[in-house]
Amino acid sequence: MLFNLRNKVAMVTGARRGMGRAHALALAGQGAKVVITDIDLAQCEQVASEVRSAGGEAACFKLDVSSKADVNKVFDQVIAKYGRLDILVNNAGIYEPHPFLDMTEAEWDRTIDINLKGQFLCAQRAAKEMAKNKWGRIINIASVASGGVGVGIAGGAHYTSSKGGIIGMSETIAVELAPLGITVNVIGPGAIDTPMVGAASLPKEVMDAMLAGVPMKRMGQPEEVSAAVVFLASEEASYVTGATLYVDGGWLAA
Ligand code: NDP
């Protein structure tokens, strides 16, 4: 079977809902034991029960990715439970728009701390565990709104900075971790139907304007991004590292 993840342990951050939830379910569907983490534990158990009722194995942990103490505590617990970590999906993120001229230092810092520093903290600790087995997959979630590809979003100076930073960090650590058997790749989603930017939370005119630039003329579904996550997590992606894969309905090609 292609993309078989049996005997792998995979952690997904920000996994109680949206794309993180879909990634956890997809990885479990390929046989991975999934560690479902989020700053809010409330819905994590629901995701874990979905995994278990499909015959998979899951554990839940409350994890604020911007806190080094939290990251270390949760990774210690995961290693105590499973003895290893093979796959990390750095998915947790926030999008809290503020006009640039009014943006406070605290607002800037909060987004950078969660979206960028959080990925650094989790990737660094995960790589130390993966290096012990000379095998690992780190998948960092950025965005089409990350600089260099012509997508700026109003009120998102801190957000696009964090997402561009993820791509730069990933290219560098892909180089540093290659000798350790660890690949590091980025996924840049376009407009995906989740609570963050789903139809429920964006005014119709904003949504219409965004989709006008997307050749497929629709939002993507979380599962369409999870398919890319599963590929990059698999043995079959063994020669792919330092890459950014945009899953955007053709947005960047238009
Ligand atoms: P959601 O808001 O649905 O899910 C993100 C989850 O991360 C939420 O449960 C959120 O909790 C959680 N989270 C927030 N802060 C932290 C933290 N400090 N530590 C751990 N978890 C935290 O978003 P999406 O599923 O849409 O987004 C997933 C990723 O994809 C994000 O990195 C986002 O930037 C990226 N992305 C999304 C796009 C889209 O169109 N949806 C497009 C491009 C990129 P809470 O609700 O409490 O904040």
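Just follow the structure's listing: the first ligand is 1, and inside any ligand the first atom is 1. Below, all heavy atoms of this structure are taken into account, side chains as well, without hydrogens, waters or symmetry copies.
In this structure, of Asp38, Asn140, Asp113, the residue bringing a heavy atom nearest to atom 12 (C) of ligand 1 is Asp38.
Note on ligand 1: Ser67 sits outside its first shell, no heavy atom being nearer than 4.0 Å. Residue Gly118 places every heavy atom at 4.0 Å or more from ligand 1. Within the structure, ligand 1 lacks Thr13 among the residues with a heavy atom less than 4.0 angstrom away. Residue contact annotation: Ala145 has no non-hydrogen atom under 4.0 Å from ligand 1.
The pair Arg218-Glu224 meets the salt-bridge criterion, since a charged nitrogen lies less than 4.0 angstrom from a carboxylate oxygen. The pair Glu45-Arg52 meets the salt-bridge criterion, with a side-chain N (NZ, NE, NH1 or NH2) lying under 4.0 Å from an Asp/Glu carboxylate O. One finds no salt bridge joining Asp86 and Lys33 here, because no Lys/Arg side-chain nitrogen approaches an Asp/Glu carboxylate oxygen to under 4.0 Å. Salt bridge annotation for Lys68-Asp70: absent, with no cationic side-chain nitrogen under 4.0 angstrom from a carboxylate oxygen.
Across Thr160, Leu252, Ile153, Val214, a single residue satisfies side chain to side chain contact (heavy atoms under 4.5 Å, CB included) together with Val144, and that is Leu252.
At a 4.0 Å heavy-atom cut-off, ligand 1 touches Lys163 through the side chain alone. Heavy atoms of Asn91 found under 4.0 angstrom from ligand 1 belong to the backbone as well as the side chain. Under 4.0 angstrom from ligand 1, there are no non-hydrogen atoms of Tyr95. With a heavy-atom cut-off of 4.0 Å, Ala15 does not touch ligand 1 at all. Residue contacts with ligand 1, taken as heavy atom pairs separated by less than 4.0 Å, involve Met19 via backbone and side-chain atoms alike. At a heavy-atom distance under 4.0 Å, atoms from both the backbone and the side chain of Ile192 approach ligand 1. For Asp40, no heavy-atom contact with ligand 1 is shorter than 4.0 Å.
Close approach to Thr194 involves these atoms of ligand 1, each under 4.0 Å from a residue heavy atom: 24 (P), 25 (O), 26 (O), 41 (N). In the vicinity of Gly18, heavy-atom distances shorter than 4.0 Å reach the ligand 1 atoms 3 (O), 25 (O). Against a heavy-atom cut-off of under 4.0 Å, Pro195 is close to the following atoms of ligand 1: 3 (O). Using a 4.0 Å cut-off to heavy atoms of Tyr159, the atoms of ligand 1 that qualify are 33 (C), 34 (O), 35 (C), 36 (N), 43 (C), 44 (C). The ligand atoms of ligand 1 that sit less than 4.0 angstrom from a heavy atom of Ala92 are 7 (O), 20 (C), 21 (N), 22 (C), 32 (O). Ligand-side atoms of ligand 1 in range of Ala191: 40 (O), range being under 4.0 angstrom from any heavy atom. In the vicinity of Asp64, heavy-atom distances shorter than 4.0 Å reach the ligand 1 atoms 17 (C), 18 (N), 19 (N). Within ligand 1, counting atoms from 1 as listed, the ones closer than 4.0 Å to a heavy atom of Ile141 are 29 (C), 30 (O), 35 (C).
When only interatomic distances are considered, the shortest N/O to N/O separation between Pro189 and ligand 1 does not fall below 3.5 Å. Any N or O atom pair closer than 3.5 Å counts here, and Val144 shares no such pair with ligand 1.
Leu25 places a side-chain heavy atom less than 4.5 Å from the side chain of Glu50. The shortest distance between side-chain heavy atoms of Glu129 and Ile79 falls below 4.5 Å. Considering only heavy atoms from C-beta on, Tyr95 stays 4.5 Å or farther from Asn115 through its side chain. When side chains are defined from C-beta on, Asp38 does not count as touching Leu63, because their heavy atoms never get closer than 4.5 Å. In this structure, Arg110 and His158 have side chains that are not in contact, with every pair of non-hydrogen atoms separated by 4.5 Å or more. Side-chain contact between Lys62 and Val74: absent, with no pair of heavy atoms (C-beta onward) separated by less than 4.5 Å. For the pair Ile187/Val247, a side-chain contact is recorded, criterion being any heavy-atom separation below 4.5 Å from C-beta on.
In this structure, Asn90 contributes its side chain and Gln119 its backbone to a donor-acceptor pair below 3.5 Å.
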